[in-house]
Colleague: 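Sharing a structure, written as structure tokens. Questions coming.
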Amino acid sequence: MTRKSKSEFGQSPLAKSLAKSLLDWYDRARRDLPWRAPPGAKPDPYAVWLSEVMLQQTTVAAVKTYYEKFLALWPGVRDLAAAPLDDVLKAWAGLGYYSRARNLHACAQKIVAEHGGAFPAQESELRRLPGVGPYTAGAIAAIAFDQPTPAVDGNVERVVARLLALETPMPAAKRAIFDFVAAVLPRDRPGDFAQAMMDLGATVCAPRAPSCLICPLATFCRARTASPQDFPKKPPKKARPFKRGAAFVLRRADGALLARRRPERGLLGGMTEFFGSDWREGRADDWADKRGRERSPCERANWRLAGEIDHVFTHFALRLTVFVGAAPADFLAPDGGFWLAADELRAAAFPSLMRKVEACALKAWGLPEPIKPA
DNA sequence: TATCCGTGGCC
DNA sequence: TGGCCAAGGAT
């Protein structure tokens with residue numbers, strides 16, 4: 001959905017001058033990234049899409065290894081569409097925001113089923129794909145298909161908010177920022193313009209300590225002479241609740257661990273976890289008394305305390321008390337539970353939280369901690 | 001519009 | 001039990 005914009009900036013000599021300054025800088029200073037086509041080469045829409053989804057609210061440094069892994073496992077969209085969802089979740093484990101992995105898989109299948117295996121070039125069509133929102137649709141259209149479509153992410157919001165010294169706080173300022181980008185983006189190199197804005201935001205117009213002295217847009221920037229780090233204006237954040245819970249790691253004689261699958265929706269949806277209590281704010285240590293123990297997956301495991309682990313999610317912090325136990329020889333996995341063999345643990349769909357629990361349990365047993373997965 | 005949804009690095 | 005931030009999307 002493109003908005004009509006009649007900014008006095010559009011088509012103006014000033015707008016053209018700004019775009020030229022940015023593109024000249026980009027030709028000198030562009031980052032070399034694994035998913036980025038060399039200058040002049042045609043980008044692979046699959047690679048652009050995959051990288052853009054991974055980069056949603058995620059740093060470039062964190063994405064790189066995952067991107068390479070995914071491309072090696074599934075070189076094209078048909079390969080990804082044909083893969084079992086569980087394999088995709090295992091490969092995504094540790095990257096966070098797991099609904100992205102589920103939407104990624106669903107999107108690949110939709111591309112194959114409804115688009116003949118080729119990504120559509122129009123922003124309006126891209127927008128209909130699962131996991132593809134306003135930003136990602138604009139980014140794919142611009143970068144992969146060179147469409148003159150705004151791609152407004154956090155970097156661009158910051159750059160524009162400073163250029164205009166926008167007093168309107170986020171997210172109310174989104175409309176004005178979108179309109180500005182729509183008016184300024186050049187018709188000849190819209191893909192490079194989109195990437196240049198993001199590179200500028202990532203390397204020069206950084207959130208704190210922006211490098212205004214080397215900024216190619218400094219002469220256009222209203223905030224430069226004031227305090228650029230104060231833009232964009234943002235509302236204060238809510239306090240983060242603190243929750244507690246317990247995790248029970250049950251080990252079989254052959255080294256297998258008891259696990260289960262989390263519900264498909266919600267927090268860590270579809271991922272693998274150890275058994276445990278629910279997580280509640282301000283709860284007492286009620287899993288340590290007799291009734292609490294009865295909620296463990298096995299009453300005859302001689303549970304003992306392994307330790308505590310801390311983890312911080314976006315909207316709450318969590319402290320988990322970890323118990324370890326040994327499964328009796330005749331113990332059968334309860335409903336919803338399954339055994340993860342020792343040689344399956346490294347490839348399991350454990351989120352980072354559960355990797356912490358696992359490490360805590362292994363330490364309590366005196367077992368060596370595995371090297372970080374490749 | 002506001003809330004939910006991960007993780008790791010940096011200050 | 002810090003706070004902030006990162007190429008946002010779904011509901």
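Just so we're on the same page: letters track the sequence lines, and every chain starts at 1. As a basis for the values below, the full set of heavy atoms in this structure was taken, side chains included, without hydrogen atoms, waters or symmetry mates.
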Colleague: Nearest to the A/P351 side chain among B/dC4, C/dA6, B/dT7, which nucleotide is it?
Modeller: B/dT7
Colleague: Over 60° means perpendicular and under 30° means parallel, so classify the ring planes of A/F70 and A/W74, tilted if in between.
Modeller: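 Perpendicular, since the angle between the ring planes exceeds 60°.
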Colleague: Round to a whole Å and report the spacing from CG of A/L55 to P of C/dG8.
Modeller: 8 Å
Colleague: Enumerate the residues from residues 193-210 of chain A whose closest heavy atom to DNA chain B is under 4.0 Å, giving them by residue number; use none for an empty result.
Modeller: A/R208
Colleague: Using a cutoff of under 3.5 Å, can you pull out all pairs of nitrogen or oxygen atoms linking the protein to nucleotides 9-11 of chain C, with atom names and distances?
Modeller:
| residue | atom | partner | partner atom | Å |
| --- | --- | --- | --- | --- |
| C/dG9 | OP1 | A/G133 | N | 2.9 |
| C/dG9 | OP1 | A/G133 | O | 3.4 |
| C/dG9 | OP1 | A/T136 | N | 2.9 |
| C/dG9 | OP1 | A/T136 | OG1 | 2.6 |
| C/dG9 | OP2 | A/P134 | N | 3.4 |
| C/dG9 | OP2 | A/Y135 | N | 3.2 |
| C/dA10 | OP1 | A/G131 | N | 2.6 |

Colleague: Please pick, from B/dC5, C/dT1, C/dA7, the nucleotide with the shortest atom-to-atom distance to any side-chain atom of A/L267.
Modeller: B/dC5
Colleague: Go through the side-chain N and O atoms of A/Y135 and A/Q56 and say whether any donor and acceptor fall under 3.5 Å apart.
Modeller: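 No.
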Colleague: Taking only the side-chain nitrogens and oxygens of A/Y97, find out if one of them lies under 4.0 Å from OP1 or OP2 of C/dA6.
Modeller: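 So the side-chain polar atoms of A/Y97 never come under 4.0 Å of the phosphate oxygens OP1 or OP2 of C/dA6.
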Colleague: With nearest nucleotides of DNA chain B determined for A/K238 and A/G269 from heavy-atom distances, which residue corresponds to the more 5′ nucleotide?
Modeller: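 Going by which nucleotide is closer to the 5' end, it is A/K238.
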Colleague: Assess whether one donor atom and one acceptor atom, taken from the side chain of A/T59 and the base of B/dG9, lie less than 3.5 Å apart.
Modeller: no
Colleague: Can you list every pair that meets side chain to side chain donor-acceptor pair (under 3.5 Å) and has a residue in residues 263-273 of chain A, with sequence neighbours left out?
Modeller: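 Every side chain to side chain donor-acceptor pair (under 3.5 Å) pair that includes a residue of residues 263-273 of chain A, provided the two are not neighbours, is A/R102-A/E264, A/R260-A/E273, A/R261-A/E264, A/R262-A/E273.
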Colleague: Compare all side-chain heavy atoms of A/P328 with those of A/C298 and state whether any distance is below 4.5 angstrom.
Modeller: yes
Colleague: Is A/K20 salt-bridged to A/D24, cutoff N-O under 4.0 Å?
Modeller: yes
Colleague: Tell me which nucleotide among B/dT7, C/dA7, B/dC5 gets nearest to the side chain of A/H311.
Modeller: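 Of all the options, the side chain of A/H311 is nearest to B/dT7.
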Colleague: I want to check one thing: is the phosphate of B/dC4, taken as OP1 and OP2, less than 4.0 Å away from some side-chain N or O of A/H315?
Modeller: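 Negative; the distance criterion is not met.
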Colleague: When the distance from CZ of A/R240 to P of B/dT7 is rounded to whole Å, what number comes out?
Modeller: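 Taking atom P of B/dT7 as the reference, CZ of A/R240 is at 13 Å.
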Colleague: List in chain and number order the residues that pass ring pair (Phe, Tyr, Trp, His ring centres under 6.0 Å) with A/F316, two or more places apart in sequence or in another chain; answer none if no residue qualifies.
Modeller: A/F313
Colleague: Under 6.0 Å from the ring centre and within 45 degrees of the ring axis: does the NZ or CZ of A/K233 meet both conditions for the six-membered ring of A/F231?
Modeller: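 Flagged: A/K233 positioned over aromatic ring of A/F231.
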Colleague: B/dC10 and C/dA7: how far apart are their P atoms, nearest whole angstrom?
Modeller: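 Approximately 15 Å lies between the P atom of B/dC10 and that of C/dA7.
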Colleague: Looking only at the side chain of A/W35 (C-beta and beyond, no hydrogens), which of the listed nucleotides B/dT7, C/dA6, C/dA7 gets closest?
Modeller: C/dA7
Colleague: Assess whether one donor atom and one acceptor atom, taken from the side chain of A/R158 and the base of C/dA7, lie less than 3.5 Å apart.
Modeller: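 Side chain to base: no pair present.
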Colleague: In whole angstrom, what separates A/F316's CZ from C/dG3's P?
Modeller: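 One finds 16 Å between P of C/dG3 and CZ of A/F316, rounded.
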Colleague: Scan for side chain to side chain donor-acceptor pair (under 3.5 Å) pairs involving residues 201-223 of chain A, sequence neighbours excluded, and state none if there are none.
Modeller: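 Passing the test, one end in residues 201-223 of chain A: no pairs.
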Colleague: Going by atom types only, do A/N155 and A/R158 share a side-chain donor-acceptor pair under 3.5 Å?
Modeller: yes
Colleague: Ignoring backbone atoms, establish whether A/S352 has a side-chain N or O less than 4.0 Å from OP1 or OP2 of B/dT7.
Modeller: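 Indeed, a polar side-chain atom of A/S352 lies that close.
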Colleague: Mind checking the C1' distance from C/dA10 to B/dT1? Whole angstroms is fine.
Modeller: 14 Å
Colleague: Report yes if a side-chain nitrogen or oxygen of A/K174 is closer than 4.0 Å to either non-bridging phosphate oxygen (OP1 or OP2) of B/dT1; otherwise report no.
Modeller: no
Colleague: Can you sort out the partners of A/F274 under ring pair (Phe, Tyr, Trp, His ring centres under 6.0 Å), two or more places apart, ordered by chain and number?
Modeller: A/F350
Colleague: How is A/L104 classified with respect to the nucleic acid when contacts are heavy atoms under 4.0 Å: base, sugar-phosphate, or nothing?
Modeller: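 No contact.
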Colleague: Find the distance A/Q57:CD to C/dA6:P and express it as a whole number of Å.
Modeller: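 Going from A/Q57 (CD) to C/dA6 (P), I get 8 Å.
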Colleague: Which of the following nucleotides, B/dG6, C/dT1, B/dC4, is nearest to the side chain of A/R100?
Modeller: B/dG6
